[in-house]
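Only heavy atoms go into these numbers, but all of them, side chains included; no hydrogens, no water, no symmetry mates.
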Amino acid sequence: MADSGHSGLPPGAAPDEGPVEPEGPDESERGRSPTAGQDEPEPGRSPSAVPYGHPVEAVVAAAPDGIVAVDEEGLIRLCNPAAAELFGRPASELLDAPFGFPLAARGVVAEIDLVLPSGSGRVVEMRVTATHASGERLYIATLRDVTERRRAQRALEAALARQDTVIAVTAHELRNPLATISVLAHTLRDSDARLTDEQRTDIAQRIIDATGWLQNLARKHLAAARIDAKATGATPQPVPVLEFILEQLGALEGDAPEVDVSCAPDVVAYVDRGEFWEMLVNYLENAFTYGLPPVRIAVAVSADHIDIRVQDAGPGVPPDAVPRLFQRFSRVPGTAPGRQGTGLGLWIVRNLARAGGGDAWYEPGTRTDAGFCLRLRRAPSTLGHA
């Protein structure tokens, strides 16, 4: 029979074209190792860590805090970028390295001090939980940087302690002059007291002196408070030194000791006038209280600064007291009763001087050249003209 064109295959079936060869690799697969992606751990993941997809790893990868997974041998098995940043080291250095800190008990918040490769440190808060991954027990340490918070807390604690000291010292300093004023005022008011005019004048002067001492105490504590608050509001400006010193000496009370001044008329400092007054007055008060006349102010000029020395003929400061002279509430031991200061004056001078780009210190020497020095900046227009 003639061929009718049918092959005898079921309708729609393709003719047999021989054995089918297995398909070759896709172009994108060529050259790729069959094990590629299986032996290259992700950053922050140890090769022997728990398999991908475990909930622990998801937490480690996404948490904003530093997180490390530590095994029972104390080795870091997982860490996230935040942990690497906290330790100041790349994740590759942390993995399989000892964690190095005792793991806090569950539910306990512990603090650890990290020492960074740079030598600086961080205070880190640590919370620990435990879990099992692929039959292995892991400790998950959550780390949070609390360095700034601890620094602020310590500063607050120091400020509160300082405030307590200030209150105690101030209360002690107020007691005697207030008691003196009270007794003297009651004496004046007593109608039975037979006082001469001279006695009344003397009592009135003693009240004035005690009141002046209290005003001076209040001024120093206010200056100290502004320094503590870093709110001095200084406005430096050119100030002719000789003119300024003479002006302040003229404002002293009439019974103040005489002061000799040695200063060229063209010396100009760059300083806040109010702070210059505060520093100069504290140095003079120190000389009047602890020293002996004559009191002398000597001004020396260099290329970029001015040194003002306040000297007197007193015995000077004992060598063992010099290191503490400019500390807050420091007083020279052995000072005669009635000549005690507030312990704030020199501390105020040094803080104001340094805040303005200068300094303050004590120079030991003989009875004629020992004294307290104040360094100020020269006014810009006079620089280089020593």
Checklist entry - How far apart are the C-alpha atoms of L94 and V68, what are their side-chain angles, what is the distance that settles it, and do they pass the side-chain contact (heavy atoms from CB on, under 4.5 Å) test? => result CA-CA 9 Å; L94 294 174; V68 295; 5.7 Å; no
Checklist entry - Any side-chain heavy atom of Q153 sitting closer than 4.5 Å to one from L156? => result no
Next on the checklist: Between N282 and E278 (side chain of the first, backbone of the second, donor and acceptor by atom type, cut-off under 3.5 Å), is there such a pair?
Outcome noted: yes
Next on the checklist: Let me check something: do V310 and W361 share a hydrophobic cluster, defined by ILVMFWY side-chain heavy atoms less than 4.5 Å apart, either directly or through other members?
Outcome noted: no
Item to check | Side-chain ion pair, R375 and D307, N-O less than 4.0 Å | outcome: yes
Next on the checklist: Tell me whether R206 at atom CZ has more than 12 heavy atoms from other residues, nucleotides or ligands lying less than 6.0 Å away.
Outcome noted: no
Checklist entry - Quick one: OG on S262 to CD on Q311, what's the gap to the nearest 0.5 Å? => result 9.5 Å
Next on the checklist: Do V281 and V261 land in one hydrophobic cluster if side-chain heavy atoms of ILVMFWY residues count as linked below 4.5 Å?
Outcome noted: yes
Item to check | With Q199 via side-chain contact (heavy atoms from CB on, under 4.5 Å) - residues at least two apart | outcome: L195, T196
Next on the checklist: Is the shortest side-chain heavy-atom distance between N351 and W347 below 4.5 Å?
Outcome noted: yes
Checklist entry - Can V109 and E125 be said to form a side-chain contact (heavy atoms from CB on, under 4.5 Å), step by step? => result CA-CA 7 Å; V109 179; E125 195 174 74; 3.2 Å; yes
Checklist entry - Does one hydrophobic cluster hold both I208 and L214, with members joined at side-chain heavy-atom distances below 4.5 Å? => result no
Next on the checklist: Main chain of D320, side chain of R324: is a donor-acceptor contact present, judged purely on distance under 3.5 Å?
Outcome noted: yes
Checklist outcome for this item: Minimal heavy-atom distance between C373 and E363, with the atoms involved, is SG-CD, 3.3 Å
Item to check | Nearest-0.5 Å distance that lies between atom CG in L325 and atom CD in Q327 | outcome: 9.0 Å
Checklist entry - Hey, does I140 have a side-chain heavy atom less than 4.5 Å from the side chain of T131? => result yes
Item to check | Minimum heavy-atom distance A141-F99, with the two atoms named | outcome: CB-CZ, 4.4 Å
Checklist entry - Hey, is the main chain of E198 close enough, under 3.5 Å, to the side chain of D202 for a donor-acceptor pair? => result no
Checklist entry - Does any N or O in the side chain of R378 come within less than 3.5 Å of the main-chain N or O of S302, such that one atom is a donor and the other an acceptor? => result yes
Checklist entry - Taking the side chain from T187 and the backbone from V183, do they hold a donor-acceptor pair closer than 3.5 Å? => result yes
Checklist entry - Is the backbone of V123 close enough, under 3.5 Å, to the side chain of T147 for a donor and an acceptor to pair up by distance? => result yes
Next on the checklist: Does this structure show an ion pair linking R273 with E247, if we count only N-O contacts that are shorter than 4.0 Å?
Outcome noted: yes
Checklist entry - Can you tell if the side chain of D260 reaches within under 4.5 Å of the side chain of V295, non-hydrogen atoms only? => result no
Checklist outcome for this item: Rounded to the nearest 0.5 angstrom, the CG-CG distance for L284 and L252 is 6.5 Å
Checklist entry - Mind checking whether M279 and L376 have side chains closer than 4.5 Å, heavy atoms only? => result yes
Checklist entry - What's the shortest heavy-atom distance between D312 and G291, and which atoms? => result OD1-CA, 3.2 Å
Checklist entry - Is Y283 reaching over with its side chain to a backbone N or O of I308, donor-acceptor style, under 3.5 angstrom? => result no
Next on the checklist: What I want to find out is whether E111 reaches R127 closely enough, with some N-O distance under 4.0 Å, to be called a salt bridge.
Outcome noted: no
Next on the checklist: Looking at R122 and E85, is there a salt bridge between them, counting it only when a charged N and a carboxylate O are closer than 4.0 Å?
Outcome noted: yes
Next on the checklist: Set out, in order, the CA-CA distance, both residues' side-chain angles and the distance that settles salt bridge (Lys or Arg N to Asp or Glu O under 4.0 Å) for E285 and K220, then state yes or no.
Outcome noted: CA-CA 12 Å; E285 287 178 351; K220 290 184 178 180; 3.1 Å; yes
Checklist entry - How long is the gap from CG on D113 to CZ on R150, to the nearest 0.5 Å? => result 10.5 Å
Item to check | Residue pair L86 / G66: nearest heavy atoms and the distance that separates them | outcome: CD1-CA, 4.1 Å
Item to check | For A313 against P293, the heavy-atom pair lying closest together | outcome: CB-O, 3.4 Å
Checklist entry - Between E136 and D71, is a side-chain contact (heavy atoms from CB on, under 4.5 Å) present by the stated rule, with each step listed? => result CA-CA 8 Å; E136 181 181 14; D71 64 17; 3.6 Å; yes
Checklist outcome for this item: dist L374:CG -> L280:CG (nearest 0.5 Å) comes out at 8.0 Å
Item to check | Hphob cluster co-occupancy, W277 + V259, side-chain heavy atoms under 4.5 angstrom | outcome: yes
Next on the checklist: Counting C-beta onward and ignoring hydrogens, is there a side-chain heavy-atom pair between L188 and R200 closer than 4.5 Å?
Outcome noted: yes
Checklist entry - If you round to the nearest 0.5 Å, how far is CG of D65 from CG of D145? => result 10.0 Å
Item to check | Contact check, side chains of L346 and Y362, non-hydrogen atoms, under 4.5 Å | outcome: no
Next on the checklist: For a quick test of reading the model, state the closest non-hydrogen atom pair linking P117 to R89 and the distance between them.
Outcome noted: CG-CG, 3.8 Å
Checklist entry - Is the CD atom of E73 crowded by more than 12 outside heavy atoms at less than 6.0 Å? => result no
Next on the checklist: Test your reading of the model: is there a side-chain donor-acceptor pair from R77 to the backbone of L138, 3.5 Å cut-off?
Outcome noted: no
Checklist entry - Is there side-chain contact between T211 and I181, with at least one heavy-atom pair below 4.5 Å? => result yes
Next on the checklist: Count I, L, V, M, F, W, Y as connected when their side-chain heavy atoms are under 4.5 Å apart, and connections chain through other members. Are L249 and F372 then in the same cluster?
Outcome noted: yes
Item to check | Summary of salt bridge (Lys or Arg N to Asp or Glu O under 4.0 Å) pairs that have at least one residue in residues 346-358, sequence neighbours excluded | outcome: R354-D359
Next on the checklist: Let's go through R328 and D228 carefully: what are the C-alpha distance in whole Å and the side-chain angles of both, what is the deciding distance for salt bridge (Lys or Arg N to Asp or Glu O under 4.0 Å) to 0.1 Å, and is it a yes or a no?
Outcome noted: CA-CA 12 Å; R328 193 170 193 158; D228 286 337; 2.9 Å; yes
Checklist entry - Under 6.0 Å from the CG atom of D197, do we count more than 12 heavy atoms belonging to anything else shown? => result no
Checklist entry - Going through the checks in order, is the side-chain contact (heavy atoms from CB on, under 4.5 Å) test met by H305 and R377? => result CA-CA 4 Å; H305 60 261; R377 289 187 293 166; 5.9 Å; no
Checklist entry - Hey, are E148 and R151 close enough for a salt bridge, meaning a charged N less than 4.0 Å from a carboxylate O? => result yes
